[in-house]
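The structure appears right after this line, and notes come after that.
Lettering of chains follows the sequences in order, A, B, ..., and the numbering in each one begins at 1. If you're wondering where the values come from, they're calculated on a predicted model, not measured in any experiment.
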Amino acid sequence: MSQIQSSEPAPLDKLRHSCAHVMAQAVQELFSGTKITIGPAIENGFYYDFDSPHRFSVDDLAKIEKRMLEIVKGNHEFKRFELTKEESRTYWAQRQEPYKVEILEGLEGPVVSHYTHDTFTDLCRGGHSENTRDIRHFKLLSVAGAYWRGDEKNSMLQRIYGTAWFSKAELDAYLTQLEEAKKRDHRKLGQELDLFSIQDEAGPGLIFWHPKGGLVRKIMEDWLRAELLRRGYHLVFTPHVMQLKLWETSGHTGFYAENMFSPIEIEKTKYQLKPMNCPGHILIYKSALRSYRELPLRLAELGTVYRYEKSGVVHGLLRVRGFTQDDAHIFCRPDQIESEAAACIDFAKAALKKFGFEKFKVELSTWDPLTPKNYAGAAQDWARAEGALVNTLNRLGIPFVRMVGEAAFYGPKIDVKLVDAIGRAWQLTTVQFDFNLPQRFGLEYVGADGQRQQPLMVHRALWGSIERFFGILIEHYAGAFPFWLAPVQMKILTINSELASYAQEAAHSLKERGLRVEVNDGADTLGAKIRNATLQKVPVLAVVGKREKEALSLALRLRGGQDLGAIKNSEIPAKLQELLGSDWN
RNA sequence: GCUGGGAUAGCUCAGUGGUAGAGCACUUCCAUGGUAAGGAAGGGGUCGUGAGUUCAAUCCUCACUCCCAGCUCCA
């Protein structure tokens, strides 16, 4: 059932929602005492939430599917009928479906619609297939917990997820896609390619960057630092622990406490591990009397922060407890706010595009005027800040979704989200407007008229965090990093042991010319060496045999299979540059 | 944090109330091979941690830690 959908759902959504009804029927038949709640169509499928004395396991799914197939083959029509709310309440109360009774409370209008097929009826706004025979190609996927009405204060229901399609081909394609997504899971690839690890002995959500992952990170950071300097930022470094009272001034102990590690006490003074970089940059701003001529002052830091995340939410590189933000704080005059916000968005586009991302979703997160106590600052400041961000987005012609109540405690923000290989959306870029911290810290600059003024602040991170962005990159490229980003760009493989010294010499000379080259001169056969290097997704394989040695060359093969034949060592960089184009650097 | 499922060699996993096994990886030896796994031998595990039941626990019970799926929350 779904009472919150718009009037006419898409045909595929109708099919999926109908499939959810059929599943609910099967579940209620097979597991007595099961109460139904809601079961909408979702992207790629559907779910239904049940309250049941039975604990559903993956093994139950096959049983439920079998019964569903029988129901579907019964060629039952989906029939709509209406009851007044009062009639409906009686109906559901008699059937002992308390969740349906509760849903009714929230519905408007004198009558509510119901849908029936075979023996099953649901309170439902509708949008259904005509007949159960339309539902042929479905599969139940998983069982999980879900809070009633999505509120963690409510009881936990059991949710069964499934997928349904018009044709078998579409269903199979979707299931194959799920398999493919699993293969490019960054946690799996991170281990297989020896990029990073998370160690039980060290703690959850804390990342160890291995040599190869560290090298990719170094390349990412080099690109970013160069771009920061080119765009008028200053690079700074600030301490990881600072006195707790600084965080009281900033408001973090009040508004952000539940996300912070506990303070550390030393010599009777409390220190706080930093959850954000802003106060550090503010102290640098305050270290001198600033002139309006210095603004905008853009302070950037690859700043490592630590945040307490609930144990159930840490996830590979994508949700961690210690991470490095590509952070910056821009101190500016009120008349500069829109141009600075626009420059941030331009920078963000460049930073994502460089890594192969073209598509993303933009959200404008605003405060919720109904709960002002969750935010710092006055209503008119929030309105003004929001107006500035809306103007910027409109002027750039960027479509966005407004997210009420999603703002940071100190100001509204523009967020950019990317969708990963498995369809999850992850927040990366954030551009946040802040009129609050400048006030709390008493920031000033001397205006053209010699009067002290208060600057405004823009917080921004482009990749969000290097860990998260790296995780998404691994999945995006399925571990096959483009040549310029690959930790090992070329692997030289010897045919027999007599070629080891020539291979080392060739590697040395290519390294001198800036290529990241490794040699495999071990005892494996050539076939095994090729297989290993291929599994490591090395972009260029270079085979050395007697012929190549005599011609001072290497026989190159690109990832993907393109055979370049033997090329003289001295000509290799130029040849690769020519072939690889934008992947070269 | 919540619901459910897990934790056995570096990795992927099998297995049993009488203290363990495979494949890959690793080491050594043989082989010197031309584009996705050459052959042989060997080393390696307090079976996540701590209690309990038992003559005996990797296996059964409980607690904890961590991991996985989802929910809630977030960069």
Same-atom distance ([atom1]) from [N] to [M], integer angstrom:
N     : M     : atom1 : answer
B:U8  : B:C55 : C1'   : 25 Å
B:G39 : B:U32 : P     : 15 Å
B:C74 : B:A20 : C1'   : 44 Å
B:G42 : B:A9  : C1'   : 15 Å
B:U58 : B:A7  : P     : 15 Å
B:G23 : B:C30 : C1'   : 23 Å
B:G17 : B:C64 : P     : 27 Å

Any base atoms under 4.0 Å from [X], or only sugar-phosphate, or nothing? Heavy atoms, all strands.
X      : answer
A:E548 : base
A:V543 : base
A:V320 : base
A:K546 : base

Residue-level proximity of residues 197-211 of chain A to RNA chain B when a heavy atom falls under 4.0 Å: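 Only A:D200, A:P204 qualify.
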Nucleotide nearest A:Y161 when distance is taken to its side chain, options B:C71, B:A75, B:C2: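 Of all the options, the side chain of A:Y161 is nearest to B:C71.
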Output the rounded distance in Å from [atom1] ([X]) to [atom2] ([N]).
X      : N     : atom1 : atom2 : result
A:D185 : B:U12 : CG    : P     : 12 Å
A:L317 : B:C68 : CG    : P     : 11 Å
A:D521 : B:G34 : CG    : P     : 18 Å
A:K413 : B:C74 : NZ    : P     : 8 Å
A:D563 : B:A36 : CG    : P     : 11 Å
A:I42  : B:C71 : CD1   : P     : 9 Å
A:H54  : B:G5  : NE2   : P     : 11 Å
A:D415 : B:A75 : CG    : P     : 7 Å

First of A:N259 and A:A528 reached from the 5' end of RNA chain B, by closest nucleotide: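 First, find each residue's nearest nucleotide; the 5'-ward one identifies A:A528.
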A:E406 vs A:L541, nearer the 5' end of RNA chain B by closest nucleotide: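 The answer here is A:L541.
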Exceeds 12 heavy-atom contacts within 6.0 angstrom, atom CD of A:Q199: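 Enclosed.
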Examine the base of [N] for any acceptor or donor lying under 3.5 Å from a partner atom in the side chain of [X], and report the outcome as yes or no.
X      : N     : value
A:Y147 : B:G1  : yes
A:E258 : B:G1  : no
A:R319 : B:C73 : yes
A:E309 : B:A75 : yes

Is [N] paired to anything, Watson-Crick or G-U wobble with both distances less than 3.5 Å, and if yes, which nucleotide?
N     : result
B:G34 : none
B:G17 : none
B:C66 : B:G6
B:A75 : none
B:U61 : B:A51

Distance-minimising heavy-atom pair for A:D327 and A:R460: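 So the two residues come closest at OD1-O, 3.2 Å.
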Shortest non-hydrogen separation from A:I36 to A:Y99 and the atoms involved: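 Scanning both residues completely, I find the closest heavy atoms to be O-CB, 3.5 Å.
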Distance below 4.0 Å between A:T525 side-chain N/O and B:G38 OP1 or OP2: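 Yes, because at least one side-chain N or O of A:T525 sits under 4.0 Å from OP1 or OP2 of B:G38.
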Short side-chain N/O contact from A:Y306 to OP1 or OP2 of B:A75, under 4.0 Å: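 Checking B:A75 against A:Y306, no side-chain N or O comes under 4.0 Å of OP1 or OP2.
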Do [X] and [Y] have ring centres separated by under 6.0 Å?
X      : Y      : answer
A:F357 : A:H476 : yes
A:F56  : A:H54  : yes
A:F50  : A:Y48  : yes

Non-neighbouring partners of A:A376 that pass side chain to side chain contact (heavy atoms under 4.5 Å, CB included), sequence neighbours left out: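 So A:A376 forms a side chain to side chain contact (heavy atoms under 4.5 Å, CB included) with A:F255, A:F409, A:N436, A:R440.
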What nitrogen or oxygen pairs link the protein and nucleotides 8-11 of chain B at under 3.5 Å?
residue, atom, partner, partner atom, Å
B:C11, O3', A:Q191, NE2, 2.7

Salt bridge A:D49-A:R159, side-chain N to carboxylate O under 4.0 Å: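 Looking at A:R159 together with A:D49, the answer is yes, because their closest N to O distance falls below 4.0 Å.
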Check ion pair A:E221-A:K218 (N to O, under 4.0 angstrom):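 Looking at A:K218 together with A:E221, the answer is no, because their closest N to O distance does not fall below 4.0 Å.
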Side chain A:Q272, main chain A:L246, donor-acceptor under 3.5 Å: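 Side chain of A:Q272 to backbone of A:L246, a donor-acceptor pair under 3.5 Å: no, none is there.
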Stepwise ring-ring contact (aromatic ring centres under 6.0 Å, His included) check, A:F138 with A:F46: CA-CA 10 Å; A:F138 65 89; A:F46 61 90; 7.6 Å; no
Verdict with reasoning, A:I38 to A:Y47, per side-chain contact (heavy atoms from CB on, under 4.5 Å): CA-CA 8 Å; A:I38 61 165; A:Y47 66 79; 4.2 Å; yes
Stacking check A:F323 vs B:A75 (5.5 Å / 30 deg):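 A:F323 vs B:A75: stacking yes.
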